[in-house]
Novice: 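Pasting a structure below so you can have a look.
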Amino acid sequence: MNEGVTVAAEPPRFDFRQAEPRWQRAWAERRCFRVADVPTGNKPKYYVLEMFPYPSGNIHIGHMRNYVMGDVVARYKRARGYTVMHPMGWDAFGLPAENAARERGIHPAKWTWDNIAAMRAELQRIGLSLEWEREFATCDPAYYGHQQKLFLDFWRAGLAERKESWVNWDPVDGTVLANEQVIDGRGWRSGAVVEKKQLSQWFLKITDYAQELLDALATLDRWPERVRVMQANWIGRSEGARLNFSLAQPEGAIDQVEVYTTRPDTLFGMSFLALAPEHPLSAALAARDPKAAEFIAECRRMGTSEATIETAEKRGYDTGLRVRHPFMDAAFPVWIANFVLMEYGTGAIFGCPAHDQRDLDFARKYGLSVLPVVLPPGAEAVSFTIGDDAYVGPGTIINSDFLNNADVETGKRLVIRELEQRHIGRGEVNWRLRDWGVSRQRGWGCPIPMIHCGACGVVPVPDDQLPVKLPDDARFDRPGNPLDHHPTWKHVACPQCGGPASRETDTFDTFVDSSWYFARFCSPHADVPVERKAVDHWLPVDQYIGGIEHAILHLLYSRFFVRAMKRTGHLNVEEPFAGLFTQGMVTHESYRSAPGPNGIWLYPDEVVKQPDGGAVHRSTGDQVVVGRVEAMSKSKRNTVAPEPIIARYGADTARWFIMSDNPPDRDMEWTEAGVAGASRFVQRVFRLLENLPDGPDDGTSDAARALRRISHRTVAAVTEALEGFAFNVAVARLYELANAIGDAERAGQASGLTAARREAVELLARLMAPMTPHLAEEMYSRMHPGATALVADLPWPDADPDLLAAETVTIAVQVMGKLRGTIAVPPDTSRDETLAAAKVEANVARALRGKRIVKEIYVPNRIVNFVIAG
RNA sequence: GCGCGAGUGGCGAAAUGGUAACCGCAGGGGUCUCAAAAACCCCCGGAGGAAACUCCUUGCCGGUUCGAGUCCGGCCUCGCGCACCA
């Protein structure tokens, strides 16, 4: 850099280093983005929200892409006359804070608040139109106290309950692990073999709303289809039957086994009954049969990890018990099987190997009978047999007594009717969705506001004693739950009897924190969880933007919370997020010092690209291996931080590149060349302003009208693109306008373009404003010296309809569907005139010569097509 | 296995059933400069041709249509999600 040496020769530059902070201050001082909790006036509201970040310490490019998209929408909608709420906060509870505490002895609160301060400053340098007055962090008692109140209201409404459930237990860390924290049957951090353990946990009864959550997906017409499909799959509705089998010999007090099936029509093809290892009958057997106990213990050691279950071979243990068939004079063996899930249905199944692949695999392994009872269309009953594949398609029922000759669907109905008449079963809808276990044995989370009293049982913390605050002096330097082993925190008097009692030491799953924050934003300082008038006005969120990774859990839990809050009178909307947009990831090339495992990963900063496409190390000059473009990750060191980019190029350049590269729902590749290109463009736009001529308005020439036409078409095109989230298309149209202004600039003063150029440059700046807000303010203020208006407060430009209409249209002329030429005609030229003009176009005429026209297609202002013969 | 989405120049991509490849990135050539950077101009899907222009080209095969990247059917590949849910 030779700054200072060649200053005089430097072209005028947009000095973002001083301009960007200046305009950020101007927006803040003018409180441009401030809105009331309950606005007056008749402007329509628009609530833009990006998924709030976990305060890990730094804003990364993925965050930035998320927030810039939201900011473009927010700024655009503001200009379109909406009162826009655009808040920001922090999803501030979570494990990394505890890990930092454990590893470095910093209290999670300090670690978290320090990170928030740093990240807030980073966000502010991006120039987002955020309303910081609404900011909060979920780790603040002023937030989580209200969450405790919500939970207690849910509990009183019967939406929360305590029940036993099987969990992944890490015996070393002394905590419950989520399924994704179990890797190859071991705890992700301790490496200890994970056990299945039954614990008493708090649950929110999301299953009460399973049907509604499923049905209402149809109303979410501004959600991506795939998210709705993923949620529908997750909810997993199935129709079937529940029925009882009598044991031939009672086992202790148990004389029946209840089974759930979606294929009651295959009941006559039964060959065995299988129990989950955790089934009560399995447990009863284990008490007297050591081999059964051993088998169950083996299954338990495999953990509940889904991946483990998937890859595990089907295995079973023949208990020697037998059950009687409800409709046949026959008995079938009872097995304990590792593939039967206690959590789904009744924890027991009847096996019909001919028509279920899992049952078939199991039957073949243990030599159990396989009797087909559904005959595929066109097959012969005498010759039809089952090979390695179960038959699961439609067909005619055979070998099934009163069901014979019915089709599958009729058969299901007939069996259910029969079961109900005999009082041994009934039709039932079942769900894959389970109740939401919210208890976590963590010290850095929202305390569950319950008290356990030896005399009174579970007692809620009275509302006037909320919030239940975390202790300031919790210790994180040993395993287990810090709240549990805190010397005093949990010991309280029972609110009911006054006797000694202890607090619930579990804290909420952090998904609880993020399930209602969007509602809290509407009245962030209220002394109730949400102010009714505020949420009635602002909810639902009009545009929610975030990563696809939250397609199921966060969004489904939030949808549940809104329903639960509605039932408990906190709000009155059907859905939290009317519009959802899922943005793609940011990716980058990865670099290694050498091919294969010997190479160590290098940061992009350490690598210099060569003109030949290769790359070398910045300091050593050694060859660098350029690897795949992939999601940024710390382990591959292919991360890029926004801060240095903003310092070097400015926030507007980074914002412009982020929006220009590709459609926002796809992954974008971050490249140095791309940022540099965006920077050149930002500077070029600024120069268009610097080069504007002075002088009287003279916008009457043809050239001036042509430029004005382009300007106004750009207004229309950019508007349409932004409405449709096609930010990259908006950017392309703005490049075209800038190119057109550049052409006009070269055409010079002689063409009488002064006014048209001024108009074009101003429109360019204002249309770019959602993407490059600082540049827009800087240019606008220079074009209007002394004006006090900010672009942030200006309405969106309107396109002049007269200028949108084309003066001439270019019509493509095809012969037999192949382009043979184009003609220019005035808009709406008649069919006859257009066809006549088309026929005399030289190249078209040549193609038509000697041929007979059998058909003439004429689409006004678009195309002509001659169909010929001979 | 089931479900969803996507396949278009060297790359990111654009295209209400109507001129495929706008715009950008990279690359090449040029102007300016002692030189470079910056800036600006030109070229840039493939083949043929001096040119005019012609032919081919949106993963593959068919279909509908005057006309298909776009609609329909069947396949292939990649990505994502779910998955022993009875």
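Since the model is a prediction, treat every value here as computed from it, not as a measurement. Lettering follows sequence order; numbering is per chain, from 1.
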Novice: Mind checking the P distance from B:C84 to B:G1? Whole angstroms is fine.
Specialist: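 Between the two P atoms, the distance is 16 Å.
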
Novice: If you measure from the P atom in B:G28 to the same atom in B:A37, how many Å do you get, rounded?
Specialist: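 Approximately 12 Å lies between the P atom of B:G28 and that of B:A37.
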
Novice: Take atom CG of A:Asp389 and atom P of B:C2, then tell me their distance rounded to the nearest Å.
Specialist: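 Value for this atom pair: 12 Å.
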
Novice: Got a donor-acceptor contact below 3.5 angstrom from the A:Asn338 side chain to the A:Gly316 backbone?
Specialist: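 No, A:Asn338 side chain to A:Gly316 backbone: no donor-acceptor pair under 3.5 Å.
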
Novice: State whether A:Tyr344 places a side-chain N or O below 4.0 Å from either non-bridging phosphate oxygen (OP1 or OP2) of B:A86.
Specialist: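 For B:A86, OP1 or OP2 has a side-chain N or O of A:Tyr344 closer than 4.0 Å.
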
Novice: Who does B:G49 pair with, Watson-Crick or G-U, both distances under 3.5 Å?
Specialist: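 B:G49 is unpaired by these criteria.
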
Novice: Assess the pair A:Phe272 and A:Phe350: is the distance between their ring centroids shorter than 6.0 Å?
Specialist: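 Here the rings of A:Phe350 and A:Phe272 have centres that are no less than 6.0 Å from each other.
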
Novice: Crowded around A:Arg237 CZ? As in, over 12 foreign heavy atoms under 6.0 Å?
Specialist: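 Yes, because the 6.0 Å sphere around CZ of A:Arg237 holds more than 12 heavy atoms from other groups.
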
Novice: By the 4.0 Å heavy-atom rule, please label A:Arg820 as base, sugar-phosphate, or nothing.
Specialist: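 Touches sugar-phosphate only.
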
Novice: Pick the P atom in B:G59 and in B:G48, then give their distance to the nearest Å.
Specialist: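 Per the computed distance, 24 Å lies between those P atoms.
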
Novice: What is the distance, to the nearest angstrom, from the NE2 atom on A:His355 to the P atom on B:G1?
Specialist: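 My rounded result for the distance is 22 Å.
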
Novice: Using whole Å, report how far CE of A:Met668 lies from C1' of B:G12.
Specialist: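 Rounded to the whole Å, the gap is 9 Å.
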
Novice: Rounding to the closest angstrom, what is the interatomic distance between B:G45 and B:A26 at atom C1'?
Specialist: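 Between the two C1' atoms, the distance is 15 Å.
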
Novice: Counting Watson-Crick and G-U wobble pairs only, both distances under 3.5 Å, name the nucleotide matched with B:A39, or none.
Specialist: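 Because both required distances fall under 3.5 Å, B:A39 counts as paired with B:U31.
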
Novice: Between B:U31 and B:U16, how far apart are the C1' atoms? Round to whole Å, please.
Specialist: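 It works out to 43 Å between them.
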
Novice: Would you mind reading off the distance between A:Lys365 atom NZ and B:C84 atom P, rounded to a whole angstrom?
Specialist: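 It is 18 Å, rounded to the nearest whole Å.
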
Novice: Over all strands shown, is A:Val259 touching base, sugar-phosphate only, or nothing at heavy-atom distances under 4.0 angstrom?
Specialist: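 If one applies the 4.0 Å heavy-atom cut-off, A:Val259 turns out to touch nothing in the nucleic acid.
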
Novice: How far does the C1' atom of B:A86 sit from the matching atom of B:G12, given to the nearest Å?
Specialist: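 Pairwise C1' distance, B:A86 against B:G12, rounds to 47 Å.
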
Novice: Can the ring centroids of A:Tyr344 and A:Trp431 be said to lie less than 6.0 angstrom from one another?
Specialist: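 Here the rings of A:Trp431 and A:Tyr344 have centres that are no less than 6.0 Å from each other.
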
Novice: Assign a letter to each nucleotide of nucleotides 15-24 of chain B from its 5' end: B, base within under 4.0 Å of a protein heavy atom; S, sugar-phosphate only; -, no contact.
Specialist: -B-BB--BSS

Novice: Please tell me if A:Arg687 has a side-chain N or O lying less than 4.0 Å from either OP1 or OP2 of B:C40.
Specialist: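 Yes.
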
Novice: Give a yes or no on whether a salt bridge exists between A:Lys412 and A:Glu409, defined as a side-chain N under 4.0 angstrom from a carboxylate O.
Specialist: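 Counted as a salt bridge, because a side-chain N and a carboxylate O are separated by less than 4.0 Å.
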
Novice: So which nucleotide from B:C84, B:C82, B:G81 ends up closest to the side chain of A:Lys314?
Specialist: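 For A:Lys314, the side-chain atoms sit closest to B:C84.
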
Novice: Under 4.0 Å, heavy atoms only, any strand: does A:Asn430 hit a base, just the sugar-phosphate, or nothing?
Specialist: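 A:Asn430: no heavy atom of the nucleic acid under 4.0 Å.
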
Novice: Which nucleotide, if any, forms a Watson-Crick or G-U wobble pair with B:G5, using both distances under 3.5 Å?
Specialist: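 Paired with B:C78.
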
Novice: Please state how far atom CD1 in A:Ile336 lies from atom C1' in B:C84, giving the value in whole angstrom units.
Specialist: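 One finds 17 Å between C1' of B:C84 and CD1 of A:Ile336, rounded.
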
Novice: Does A:Arg648 come within less than 4.0 Å of A:Glu672, counting only side-chain N to carboxylate O?
Specialist: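 Salt bridge between A:Arg648 and A:Glu672, a charged N being under 4.0 Å from a carboxylate O: yes.
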
Novice: With rounding to the closest Å, how many angstrom separate the C1' atoms on B:G10 and B:G46?
Specialist: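 So the two C1' atoms sit 13 Å from each other.
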
Novice: Does the Lys NZ or Arg CZ of A:Lys314 fall within the cation-pi geometry relative to A:Phe339 - under 6.0 Å from the ring centre and within 45° of the axis?
Specialist: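 That pair qualifies as a cation-pi contact.
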
Novice: If you go through the side-chain atoms of A:Lys855, does one of them form a donor-acceptor pair with the base of B:C66 closer than 3.5 Å?
Specialist: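 No, no donor-acceptor pair under 3.5 Å.
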
Novice: Please give the nucleotide sitting opposite B:G73 as a Watson-Crick or G-U wobble pair, both distances under 3.5 Å, or none.
Specialist: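 B:C61 - that is the nucleotide pairing with B:G73, both distances being under 3.5 Å.
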
Novice: So, does A:Arg746 get its side chain near the phosphate of B:C41, meaning an N or O under 4.0 Å from OP1 or OP2?
Specialist: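 Affirmative; the distance criterion is met.
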
Novice: Roughly, in whole Å, what's the span from CZ in A:Phe686 to P in B:A39?
Specialist: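 The distance from CZ of A:Phe686 to P of B:A39 comes to 15 Å, rounded to the nearest Å.
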
Novice: Heavy atoms from C-beta onward define the side chain here; which of B:C66, B:A86, B:A13 lies closest to that of A:Val867?
Specialist: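 Out of B:C66, B:A86, B:A13, the nucleotide with an atom closest to A:Val867's side chain is B:C66.
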
Novice: Taking O4'-C1'-N9-C4 for purines and O4'-C1'-N1-C2 for pyrimidines, is B:G74 syn (within 90° of 0) or anti?
Specialist: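 B:G74: anti.
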
Novice: Pick the nucleotide of RNA chain B nearest each of A:Asn843 and A:Met342; which residue has the one closer to the 5' end?
Specialist: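 So the residue in question is A:Asn843.
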
Novice: B:G29 and B:G7: how far apart are their C1' atoms, nearest whole angstrom?
Specialist: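 The same atom, C1', in both gives a distance of 34 Å.
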
Novice: Can you check whether A:Met768's main-chain N or O pairs, donor with acceptor, with A:Thr772's side chain at less than 3.5 Å?
Specialist: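 Checking the backbone N and O of A:Met768 against the side chain of A:Thr772, a donor-acceptor pair under 3.5 Å is found.
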
Novice: CZ of A:Arg666 versus P of B:C78: gap in Å, rounded?
Specialist: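 It works out to 19 Å between those atoms.
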
Novice: In whole angstrom, give the distance that lies between atom CG of A:Leu556 and atom P of B:C82.
Specialist: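 So the two atoms are 13 Å apart, to the nearest Å.
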
Novice: Would you say A:Glu428's side chain and A:Arg242's backbone share a donor-acceptor pair under 3.5 angstrom?
Specialist: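 No.
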
Novice: Give me the ring orientation class for A:Phe727 and A:Phe725: parallel if the planes are under 30° apart, tilted from 30 to 60°, perpendicular past 60°.
Specialist: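 The arrangement is tilted - the two ring planes meet at 30° to 60°.
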
